[in-house]
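The analysis underlying the following values was restricted to heavy atoms, covering all of them including side chains, and did not include hydrogens, waters or symmetry mates.
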Amino acid sequence: MDDGSGADVRVLHVDDEPSLTDLVSIYLEREAGDVDLSVSTSNSGADALERLRQEQVDCVVSDYDMPDIDGLEFLRAVRSEHPDLPFILFTGKGSEEVARDAFRVGATDYMQKDTGTDQYTVLANRVVNAVSQYRAKAASERYGTAIEVLDSGVYSLDSSGRFTSADGVFCELTGYDREAIIGREFADLAAESDDEIRAAFERVVAPDAPDTERFETVLSPGSAYPHDDDLLCEGHLALRPTEDDEPAVIGTLQDVTERRRRRNRLRYETRLKDAVLDTSTSLMSAETDEIGTKIEWTLQSVGEVADLDRCSVYLYDDETNVAALMHDWRGGDPREHPARVALEDARWLVERLYRFENVRLHRVSDLPPEASDTKRVLTDAETGGFVAVPMVSKWALVGFVVFDVVETSRSWTDTEVDLLRSVANNVTHTLARQRRERELQRQNDRLEEFASVVSHDLRNPLNVAKGFVELAREEDDVTYLDRALDGVTRMDTLLNDVLKLARQGRKVGETRSVAIGNVAERAWKAVDTGDDAVLVVEDGLGNTQADQGRFQQAFENLFRNAVEHGSTGNQTTSGDAVEHGSTGTRTASGDAVEHGSTGSRDSPGDASADGASKDATDELTVRVGPTETGFYVADDGPGIPTDERDTVFEHGHTTSESGTGFGLSIVESIVEAHGWDIEATAPEPDLGGARFEFDIGGVRSEVEPRFSLSDD
């Protein structure tokens, strides 16, 4: 029964909070755009079921947590009477279990309530889209049924089962000329076995035969048949009277190949939907260290169900303007997608993804002339038909997922593409969750570092200062105050370093293109290097996107570290450096006092285990040079023992009595904030000291909006 509203879309909103149903009704009707949308409300599941029996409703929007029956029970009741009616679960009780159960019961969509009014615009769009798809599907089914009736070919057979007539629809359907089949046995047209046709004919001409007889068979089509696949037909035979009382049969024939295609397509889409649902549940529950494996399992599961050759996840790096392959699956075909794609080489594709559009092609040759760059990339990858869907996080494009077949063509339905888009969304949300969890872990680590310094590292100099102040008071000797001042100075240095690490953390400000060599030279001038140290900056360092201030700070800490522990010049101990195992200690003024090793090695010879040793009187050389993926900073000082290279970035790692052990920890935090990697590696052959290698060419595995189409 029509509710008489006359609206284009009629929505029933079910929620046990009357004030909320009124608010949602107002916003849905306002935010529906050009669609005339009306909302009726109900405050219980039982009342809503009765409304559905009395009124015409195009979509149901329901809460989950309701007093009489919850949203899932209500959904089950709706599905028993209205199997396909759009149903959106709009609930504040958001959880992976609720979402999974809702889709399993048959929800069209699931949306969690949020604060603010923007959510109602999203909800209105989802309602309109769900109703549009529902109506299109219903119209397609009605249209298909009508076509099946209209496209029935009619023919007649004599008592021997030979054609006596055939209309134009029959000839067009089978691809035969009328003259070629008149007088020919119908059973002769069977592609495989003629048993179905012969048995149906014999039953219909037999005494006490049924009025009609149905059969289904595969025919061998004629030369004019326009398709490549088999001709699956459904036929009906009926006995008709003749003047000479000879049995004659009239029949109809329908091409049900398309019906079979639709049936197979529906089964396939159901399997694909189940695979997407199962993998989304797995991704939502994945632990941080499982996410990479679960993503690749997702690609494999979807790829196998969809009969694909390759599935790949690409993430963008706006520093290099390159999309990098992060996760992929190949279905037995050894050919890989390219590991890196320069965005300028696929601008046609990227521009569409940047608009959050799905991109599908049946074959690469379908690309327009202006997409010659993209066509060249796809052809080199031997791509046939493909779908590329965007990965969107925080309303920004952060990457894309490619699903394709190699060399051959492939058609894609709207439902199929929508499901593949869901896969990309699930992967994006999972990577974003991984990034948030890693950031939370880093914050916790910094809190632990801070607590460690406060509880342990600061306690020692505090006790020293307190003790010498007490001695000065008891013995009336102010010389003890100098020793107390040393403890206070040590505390001040520790506090400066730990606050710097805690406040700045692993985030950077605005980045811009900077010349690595220039930043290194400015940092060298900012460090007290004395007269016995020299900086060598090699050619070919190039530029990178960086927060220049923090980037320079990383260089300063490394240079101070090298000068502090490698030079004999008159430097002042800053405490920022992490000692590598110096063969001498320094006085408060920085003057070297040479004696036995205070490092972690047994003898001075261990310091040069990985390279040439350096005489304490030599001039210190610090060199900055390029590598394949970034640059390095090396010196010819004592070096780092092999077994300590993995621990030098830990806070508190120092062999200096005045060092805080935070120098290299701060360097690591700056490097991580830029999405780079740093590693203490084997020394340069001609230097033999410490060597730190920066990898600035990779793409972060955690998803952040970092992509821009700007040509600047």
Side-chain angles (χ1 to χ4, degrees), residues 493 496-497 500-501 504 506 508 514-530 532-538 541 544 546-567 569 571-582 610-611 614 620-627 629-640 644-656 659-674 676-684 687-696:
T493 302
N496 285 336
D497 280 354
K500 187 183 300 181
L501 193 61
Q504 295 180 343
R506 286 163 171 82
V508 295
V514 296
I516 297 173
N518 292 344
V519 176
E521 290 172 352
R522 282 194 293 270
W524 184 260
K525 294 176 182 177
V527 175
D528 183 7
T529 60
D532 297 325
V534 61
L535 174 69
V536 177
V537 178
E538 296 185 347
L541 285 168
T544 187
D547 177 336
Q548 181 172 324
R550 299 209 65 197
F551 190 22
Q552 180 172 326
Q553 182 188 3
F555 272 121
E556 289 176 9
N557 278 23
L558 285 176
F559 294 158
R560 189 177 294 114
N561 190 76
V563 171
E564 174 69 21
H565 303 295
S567 174
Q571 291 92 36
T572 301
T573 299
S574 68
D576 289 337
V578 177
E579 190 166 357
H580 304 324
S582 171
D610 294 312
K614 176 184 183 299
L620 174 72
T621 299
V622 178
R623 187 162 66 207
V624 180
T627 65
T629 58
F631 62 94
Y632 70 88
V633 177
D635 62 55
D636 60 353
I640 308 172
E644 292 186 20
R645 289 176 190 158
D646 294 334
T647 61
V648 293
F649 297 105
E650 295 178 2
H651 88 276
H653 182 94
T654 182
T655 57
S656 169
T660 66
F662 281 93
L664 291 183
S665 180
I666 293 172
V667 172
E668 184 185 43
S669 72
I670 296 171
V671 168
E672 289 184 355
H674 285 83
W676 305 335
D677 289 320
I678 185 172
E679 182 181 6
T681 62
E684 291 287 290
L687 293 179
R691 185 179 189 273
F692 298 94
E693 186 169 325
F694 290 70
D695 183 353
I696 64 174

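For Ala682 against Arg691, the heavy-atom pair with the smallest separation is O-CD, 3.2 Å. Nearest heavy-atom pair across Gly630 and Ile696 is CA-CG1, 3.7 Å. Taking both residues in full, the closest heavy atoms of Pro626 and Leu541 are given as N-CD2, 3.5 Å, listed atom of the first, atom of the second, then distance. Considering every non-hydrogen atom in both Leu620 and Asp636, the closest pair reads CD1-OD1, 3.2 Å.
Between Leu558 and Leu664 there is a side-chain heavy-atom pair separated by less than 4.5 Å. Within the 4.5 Å cutoff, side-chain heavy atoms of Val514 are placed close to those of Thr544.
Put simply, the side chain of Asp635 never gets that close to the backbone of Gly689: no donor and acceptor are under 3.5 Å apart.
Of the inter-residue distances, the one linking Ile678 atom CD1 with Asp695 atom CG reads 11.0 Å to the nearest 0.5 angstrom. Expressed to the nearest 0.5 Å, how far CZ of Phe631 lies from CD of Glu693 amounts to 10.0 Å. Atom-to-atom distance recorded for Phe555:CZ and Arg522:CZ is 10.5 Å, nearest 0.5 angstrom. Here Glu684 contributes atom CD and Thr621 contributes atom OG1; the two are 12.0 Å apart, rounded to the nearest 0.5 Å. Leu535 contributes atom CG, which lies 11.0 Å from atom CZ of Arg623 (distance to the nearest 0.5 angstrom). Here the CZ atom belonging to Arg645 is positioned 7.0 Å from the CD1 atom belonging to Ile640, to the nearest 0.5 angstrom.
The side chain to side chain contact (heavy atoms under 4.5 Å, CB included) search around Ala554 returns Val667, Ile670, not counting sequence neighbours.
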> Which is it for Trp524 and Val622 under the side chain to side chain contact (heavy atoms under 4.5 Å, CB included) test, yes or no, and what are the steps along the way?
Replying inline: CA-CA 10 Å; Trp524 184 260; Val622 178; 3.9 Å; yes

>> Quick one, Phe694 with Trp676, criterion ring-ring contact (aromatic ring centres under 6.0 Å, His included). Give me CA distance, side-chain angles, the key distance, then yes/no.
In response: CA-CA 7 Å; Phe694 290 70; Trp676 305 335; 7.0 Å; no

> Under the side chain to side chain donor-acceptor pair (under 3.5 Å) criterion, do Gln552 and Gln548 qualify, and how do the steps go?
Replying inline: CA-CA 6 Å; Gln552 180 172 326; Gln548 181 172 324; 4.7 Å; no

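Note: Phe551 and His674 have tilted aromatic rings, judged against thresholds of 30 and 60 degrees for the angle between ring planes.
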